[in-house]
Amino acid sequence: MKIVALVKQTFDSEAKIALEGGKIGRQGISLIMNPYDEYAVEEALKLKEKHGGEVTVVTVGSDEATEAVRQALAMGADQGILVNPGTEDIDESTIATILAKAVSGLEYDLILGGFRAIDDGSAQVAGRVAEILNLPVVNMVTKLEADGGKAVATADIEGGSAVMEVTLPAVITAQKGLNEPRYPSMKGIMQAKKKPLKKIGLGDVSLDASQVAAKVKVLTYSLPPARAAGKIIPGEPAEAAAALAKALREEAKII
Amino acid sequence: MAKGILVFAEQRDGKIKKVTYELLSAGKKIASQLGEEVSAVLVGKGVSSLAGGLGEYGADKVYVIENDALENYTTDAYANVVADLVKQNEPTAFLLGCSITGRDLAAQVAQKLDTGLLTDCINVMVENGQIVFTRPIYAGKAIINAAIPEARPVMATIRPNVLPVDEPQAGKSAEVINVPANIGNVRTTVKDVIRQVSARPELTEADIIVSGGRGMKGPENFKLLEDLADVLGAAVGASRACVDAGWVPLSIQVGQTGKTVSPNLYIAAGISGAIQHLAGMSSSKVIVAVNKDSEANIFKSADFGVVGDLFEVLPVLTQEIKKLKA
Ligand SMILES: Cc1cc2nc3c(=O)[nH]c(=O)nc-3n(C[C@H](O)[C@H](O)[C@H](O)COP(=O)(O)OP(=O)(O)OC[C@H]3O[C@@H](n4cnc5c(N)ncnc54)[C@H](O)[C@@H]3O)c2cc1C
Ligand SMILES: Cc1cc2nc3c(=O)[nH]c(=O)nc-3n(C[C@H](O)[C@H](O)[C@H](O)COP(=O)(O)OP(=O)(O)OC[C@H]3O[C@@H](n4cnc5c(N)ncnc54)[C@H](O)[C@@H]3O)c2cc1C
């Protein structure tokens with residue numbers, strides 16, 4: 001089975017965000033593989049172990065994102081592709097268009113991604129890729145079996161979950177619970193250095209910047225107003241609990 | 001030419017979801033500033049009886065797309081019929097709720113229409129004749145105002161429970177237009193649907209949420225939260241620590257990798273207030289923390305705090321609220 005995993009490098013979830021020159025600063029921010037994409041890579045590796053085949057990791061990002069691709073290779077993926085868009089005029093349709101182009105040059109039975117990125121995650125890139133490649137998509141999958149020409153996926157839906165059967169090739173996005181991603185072993189990390197990692201630009205996927213121009217424009221960046229420090233209700237637990245109930249009623253007028 | 005604000009009227013099991021009313025109120029606000037009208041699109045099986053009621057909440061027109069194949073949500077069927085409708089009507093903007101369904105549908109429709117999509121927005125306004133959306137990024141640690149200047153329609157999903165619902169105007173009706181459903185090729189088959197049955201409100205729509213963390217010490221103690229939730233008519237949530245420990249299902253996790261919630265009141269018991277947890281609930285209107293550690297980070301975000309053992313505090317709180325409500 002040939003599997004493509006879409007991997008995004010994101011800000012660490014602990015990252016402290018500050019503005020620099022009216023934009024989000026990148027100073028002192030550590031970068032990680034999007035946790036949902038770790039599930040995607042893990043699932044790809046499990047399917048490969050079961051059915052044979054190969055796993056290709058595709059990332060759109062600057063040179064920094066090499067780290068995320070290397071991590072996936074160290075986990076066990078066979079090869080990586082990093083497309084550097086070389087433009088700042090980027091939105092989700094830009095990224096999806098580039099990813100779809102890069103993937104369309106590969107052989108694949110299944111495309112796995114995360115259901116959303118944890119930083120500016122809009123939960124739309126993988127779905128857009130599916131649409132561009134004219135493939136079905138199942139989002140937020142917590143259980144997956146794929147074999148032959150079809151996959152059976154359990155996915156989160158409004159108020160519960162659904163079991164869906166889908167013809168392959170398809171795009172499947174990972175939700176937490178799908179698996180426990182492995183840590184790269186020392187051996188894996190060493191091997192990853194020798195695995196093929198292709199670094200390419202827009203031209204290499206037959207696109208130019210005007211074809212992927214962002215449709216969304218950011219007007220302003222700001223930081224959220226800090227919440228004002230609240231009030232600690234004094235007293236023994238029982239006493240404080242009673243005072244809290246009263247405060248919620250009389251002060252906050254909320255119950 | 002592009003005209004009008006179109007809203008996706010989300011329904012489940014024959015009931016309109018609250019976010020639909022929030023979208024209609026927001027849609028009406030921006031439509032009146034742009035001198036346009038508000039329509040809604042209602043999709044499903046046997047849903048036409050719900051159409052009329054949307055008029056009271058501000059819809060001038062309701063497009064109803066009914067078909068047996070639309071009973072259960074499938075990405076393909078819904079995206080096909082909704083994208084067709086949008087193509088025919090060419091609205092200026094198309095708004096959906098940022099629910100699991102809304103999010104899924106919005107991405108497909110946006111790509112079919114080759115337009116931009118802003119997700120999980122917490123405000124929408126008109127500035128210099130342009131529709132501007134406010135959206136938290138980096139798990140709420142930064143906020144952007146953004147627009148889609150050229151591509152049409154402008155598309156956005158709006159976070160549930162954030163925008164106000166205008167008082168419905170009794171008796172105001174909407175023009176109901178039945179639209180034939182061109183389902184197209186549906187490549188997924190729904191084999192089974194497992195519903196979580198709960199008498200409680202849904203987390204993302206709840207006015208009050210009572211949430212527990214590792215300090216609950218075990219799943220059996222969630223009974224304390226449920227008792228409190230019962231007297232408040234609240235939903236029950238949890239931190240990731242409880243989900244990872246297998247005490248509660250992932251569906252009730254609040255935070256960066258769980259649900260984003262904005263209730264009027266969020267009560268956090270035995271939750272330390274990790275940044276990833278705050279990401280999911282810091283837009284709550286009033287936050288209450290119960291924690292035995294006076295240094296716990298959660299107190300920095302809490303409007304009201306009680307430093308104490310939750311096993312002593314929660315039962316008394318439940319009793320006191322019961323008394324107040326009696
Ligand atoms: C107006 C605007 C300007 C922006 N400017 C910049 C900029 O200058 N530089 C910049 O880096 N970002 C920029 N961004 C952010 C960038 O557009 C998004 O990070 C990107 O589109 C991915 O979207 P997302 O995080 O919402 O992914 P989601 O839709 O949440 O991701 C879902 C899944 O899609 C896949 N995926 C997403 N992105 C990638 C990727 N890059 N590579 C491989 N797989 C991926 C992953 O599997 C991921 O789990 C901008 C965004 C906007 C709206
Ligand atoms: C990528 C990533 C994503 C994450 N996403 C999420 C997410 O979506 N949601 C989330 O919640 N976390 C998330 N986390 C985890 C997060 O970092 C914290 O580990 C988690 O929130 C801690 O849960 P907690 O507050 O319940 O536990 P703890 O941090 O262990 O806190 C327990 C608290 O209970 C108090 N306590 C103990 N006993 C009592 C008692 N008897 N009475 C009163 N108080 C008591 C303690 O003082 C302490 O403050 C994420 C982490 C990462 C790395």
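So that the names make sense, note that chain A is the first sequence line, chain B the second, and so on, each numbered from 1. Bear in mind the structure is a predicted one, so any value in this text is a computation, not a measurement.
Contact of Val231(B) with chain A is not made at all, since no heavy-atom distance falls under 4.5 Å. Both the backbone and the side chain of Ala142(B) come within less than 4.5 Å of a heavy atom of chain A. Only the side chain of Thr75(B) comes within contact range of chain A, judged by heavy atoms closer than 4.5 Å. Residue contact with chain A, scored on non-hydrogen atoms closer than 4.5 Å, involves the backbone and the side chain of Lys112(B) alike. Heavy atoms closer than 4.5 Å to chain B are found nowhere in Lys150(A), neither backbone nor side chain. Of the two parts of Glu202(B), only the side chain, counted from C-beta on, holds a non-hydrogen atom closer than 4.5 Å to a non-hydrogen atom of chain A. Contact annotation for Glu236(A): neither backbone nor side-chain heavy atoms come within less than 4.5 Å of a heavy atom of chain B. Contacts of Val132(B) with chain A are made by side-chain atoms alone, with heavy-atom separations under 4.5 Å and no backbone atom involved. Proximity to chain A (any heavy atom under 4.5 Å) is restricted, for Val288(B), to the side chain, taken from C-beta onward. Interface remark: Glu239(A) contributes no atoms to any contact with chain B (heavy atom separation under 4.5 Å). Ile24(A) touches chain B through its side chain: at least one heavy atom from C-beta onward sits under 4.5 Å away, while N, CA, C and O do not. Proximity to chain B is absent for every atom of Leu19(A), based on heavy atoms less than 4.5 angstrom apart. For Ile208(B), the part lying under 4.5 angstrom from a heavy atom of chain A is the side chain only. In this structure, chain A has a heavy atom under 4.5 Å from the side chain of Leu250(B), while its backbone stays farther away. Looking at Tyr221(A), both its backbone and its side chain come within 4.5 Å of chain B, counting heavy atoms on both sides.
Arg103(B) contributes no side-chain N or O that, together with a main-chain N or O of Ala123(A), makes up a donor-acceptor pair within less than 3.5 Å. The backbone N or O of Leu168(A) sits nowhere less than 3.5 Å from a side-chain atom of Arg187(B) that would complete a donor-acceptor pair. Counting only distance, with no hydrogens or angles, the side chain of Lys141(B) and the backbone of Pro224(A) share no donor-acceptor pair below 3.5 Å.
In terms of heavy-atom pairs under 4.5 Å with chain B, the best-connected choice from Ile254(A), Leu248(A), Thr97(A) is Ile254(A). The most heavy-atom pairs under 4.5 Å with chain A, out of Val286(B), Asn185(B), Leu232(B), come from Val286(B). Chain B forms more heavy-atom pairs under 4.5 Å with one residue of Val125(A), Thr167(A), Leu135(A) than with any other, namely Leu135(A). Of the residues considered (Glu150(B), Lys300(B), Arg240(B), Gln319(B)), Arg240(B) shows the highest number of contacts with chain A, using heavy-atom pairs under 4.5 Å. The candidate with the highest count of non-hydrogen atom pairs below 4.5 Å against chain A, out of Val290(B), Asp114(B), Thr157(B), Val307(B), is Asp114(B). Ranked by non-hydrogen atom pairs under 4.5 Å with chain A, the options Glu10(B), Lys323(B), Gln196(B) are led by Gln196(B). Per-residue counts of heavy-atom pairs under 4.5 Å with chain B were compared for Asp156(A), Ile255(A), Val138(A); the largest is that of Ile255(A). Between chain A and the options Ser283(B), Ala147(B), Ala110(B), heavy-atom pairs under 4.5 Å are most frequent for Ala147(B). Between chain B and the options Ile233(A), Thr220(A), Val166(A), the largest number of non-hydrogen pairs under 4.5 Å is found for Thr220(A). Between chain B and the options Gly159(A), Ala162(A), Ala228(A), the largest number of non-hydrogen pairs under 4.5 Å is found for Gly159(A). When each of Asp207(B), Thr188(B), Ile194(B) is checked for heavy-atom pairs under 4.5 Å with chain A, Ile194(B) comes out on top. Between chain B and the options Thr173(A), Val152(A), Asn134(A), the largest number of non-hydrogen pairs under 4.5 Å is found for Asn134(A).
For the pair Pro237(A) and Glu312(B), the tightest heavy-atom approach, listed with the atom from each and the gap, is CG-OE1, 3.3 Å. Residues Leu117(B) and Glu92(A) share a closest heavy-atom pair of O-OE1, 4.1 Å. For the pair Thr257(B) and Tyr36(A), the tightest heavy-atom approach, listed with the atom from each and the gap, is CA-OH, 3.2 Å. For Val316(B) against Ala238(A), the heavy-atom pair with the smallest separation is CG1-O, 3.5 Å. Of all non-hydrogen atoms in Glu320(B) and Ala245(A), the two that sit nearest each other are CB-CB, 3.7 Å. Of all non-hydrogen atoms in Gln256(B) and Ser13(A), the two that sit nearest each other are OE1-CB, 3.2 Å.
Of the residues listed (Glu131(A), Gln124(A), Arg128(A)), the one engaging Gln111(B) in a side chain to side chain donor-acceptor pair (under 3.5 Å) is Arg128(A), and it is the only one. Under the side chain to side chain donor-acceptor pair (under 3.5 Å) rule, Glu158(A) has a single partner from Arg12(B), Arg195(B), Lys17(B), which is Lys17(B).
Here the CG atom belonging to Asp303(B) is positioned 11.0 Å from the NZ atom belonging to Lys231(A), to the nearest 0.5 angstrom. Taken to the nearest 0.5 Å, the CZ atom of Phe11(A) stands 8.5 Å off from the CD1 atom of Ile137(B).
The environment of Glu205(B) atom CD is dense: over 12 non-hydrogen atoms of other residues, nucleotides or ligands sit within 6.0 angstrom.
Neither side chain, Glu165(A) nor Thr189(B), offers a donor N or O lying under 3.5 Å from an acceptor on the other.
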Report the C-alpha separation of Val218(A) and Asn145(B) in whole Å, then their side-chain angles, then the decisive distance to 0.1 Å, and conclude whether the side-chain contact (heavy atoms from CB on, under 4.5 Å) test is met. CA-CA 6 Å; Val218(A) 178; Asn145(B) 274 359; over 6 Å; no
Show the numbers, then the answer: is there a side-chain contact (heavy atoms from CB on, under 4.5 Å) between Gln130(B) and Leu219(A)? CA-CA 11 Å; Gln130(B) 173 165 264; Leu219(A) 307 172; 4.2 Å; yes
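Contact check for Leu223(A) versus Ile143(B): no side-chain heavy atoms found under the 4.5 Å cut-off.
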